[in-house]
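All residue numbers in this chain count up from 1 along the given sequence. Whatever order the structure lists them in is the order used to number ligands and atoms, beginning at 1.
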Amino acid sequence: MTEHTPNTNTPETAGPEPFEAEDWIRTFAVAPPEHVDLPPHHPHCLGCGPANPHGHQLRVRRDAHGVYAHHSFDSRHVGAPAIAHGGAVATVLDDLFGFLLYTVGELAVTRHLAIDYLAPVLLDTPYTLRSHIHSRAGRKLHLRATIENNHAHVVTTATALFLIVDIDHFLTPRHNASAATAPTTHEDQQGPQMDSP
Ligand SMILES: CCCCC/C=C\C/C=C\C/C=C\C/C=C\CCCC(=O)SCCNC(=O)CCNC(=O)[C@H](O)C(C)(C)COP(=O)(O)OP(=O)(O)OC[C@H]1O[C@@H](n2cnc3c(N)ncnc32)[C@H](O)[C@@H]1OP(=O)(O)O
């Protein structure tokens with residue numbers, strides 16, 4: 001059995017200090033107008049952090065419907081040759097959903113993310129990503145997103161359930177992780193049932 005070795009290659013991308021959650025909440029109050037980029041979640045965020053050389057450095061603005069970004073994947077995100085890795089696409093969409101919180105004004109995190117890869121997302125190709133709030137029910141934010149190419153063809157769609165949390169979620173992450181229990185079964189988490197052998 002291989003002994004687990006901690007990844008020490010990327011000290012510059014260490015996770016955020018707890019105080020950053022409070023800084024981030026404060027930016028809700030001063031969210032910029034439509035023609036200015038929204039602030040990144042934090043400088044090292046994998047999706048949008050400008051100081052993360054391994055990240056996507058997504059730049060997001062809001063509009064009348066929600067939020068949007070223009071983005072190209074590159075050779076760092078390759079899956080099949082010339083095609084973006086599905087996980088990289090999911091990362092960017094999850095992060096884009098995170099920008100909708102500026103329009104909600106509350107903290108929330110991804111509980112469920114579902115993606116339809118309708119057509120390959122090509123490397124070094126410009127795409128427009130859009131996301132909006134489909135509905136809200138109490139703590140539950142039902143979110144939707146699309147990726148479309150320059151010919152207005154939608155190549156990816158996504159839905160997400162974000163759950164509103166309080167700031168303690170970010171200030172005590174280790175406590176929250178150890179408090180995790182067996183997942184609750186939800187109908188919309190279930191795929192087709194496998195037949196018994
Ligand atoms: C975007 C956040 C940014 C915050 C920024 C803050 C600081 C800045 C610093 C750092 C941030 C940096 C970057 C992050 C930014 C963006 C990235 C994008 C967003 C993410 O990447 S974020 C990471 C991934 N994310 C997680 O790390 C969450 C792990 N998870 C948990 O921590 C818990 O899971 C929690 C707290 C989410 C919920 O826990 P809980 O105990 O409060 O909730 P519970 O289970 O009770 O469910 C409540 C109700 O939702 C229903 N429900 C549940 N699941 C359902 C389903 N699938 N379908 C239908 N209904 C469902 C239940 O049935 C119940 O319904 P009801 O109330 O009616 O009974």
Under 4.0 Å from a heavy atom of [X]: give me the atoms of ligand 1 that qualify, with their elements.
| X | result |
| --- | --- |
| Ala108 | 1 (C), 2 (C) |
| Leu101 | 1 (C), 2 (C) |
| Val165 | 36 (C) |
| Asp95 | 16 (C), 17 (C) |
| His112 | 57 (N) |
| Leu161 | 52 (N), 54 (N), 55 (C), 56 (C), 58 (N), 59 (C), 60 (N), 61 (C) |

> Which bit of Thr110 is near ligand 1, meaning a heavy atom under 4.0 Å away: side chain, backbone, both or neither?
Replying inline: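 Both backbone and side chain.
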
> Relative to ligand 1, is His41 under 4.0 angstrom through side chain, backbone, both or neither, heavy atoms considered?
Replying inline: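 Answer for His41: both.
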
> Under the ring pair (Phe, Tyr, Trp, His ring centres under 6.0 Å) test, which residues partner His71, sequence neighbours left out?
Replying inline: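 If we apply the ring pair (Phe, Tyr, Trp, His ring centres under 6.0 Å) test to His71, skipping adjacent residues, the hits are His56, Phe73.
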
> By ring pair (Phe, Tyr, Trp, His ring centres under 6.0 Å), which residues pair with His134, not counting sequence neighbours?
Replying inline: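 For His134 there are no ring pair (Phe, Tyr, Trp, His ring centres under 6.0 Å) partners, ignoring immediate neighbours.
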
>> Taking only non-hydrogen atoms of Phe97, do any sit less than 4.0 angstrom from ligand 1?
In response: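 Not so, Phe97 does not reach ligand 1.
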
> Any side-chain donor-acceptor pair under 3.5 Å between Ser135 and His142?
Replying inline: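 Side-chain D/A pair, Ser135 to His142: absent.
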
>> Can you confirm whether the side chains of Asp124 and Ser72 place a donor and an acceptor under 3.5 Å from each other?
In response: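 Per modelled atom types, Asp124 and Ser72 side chains form no pair under 3.5 Å.
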
> Nearest heavy atom to atom 31 (C) of ligand 1: which of His169, Arg111, Glu106 does it belong to?
Replying inline: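 Heavy atom nearest to atom 31 (C) of ligand 1 belongs to His169.
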
> Are His41 and Phe99 close enough that their ring centers fall under 6.0 Å?
Replying inline: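 Yes, they do, as the ring centres are separated by less than 6.0 Å.
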
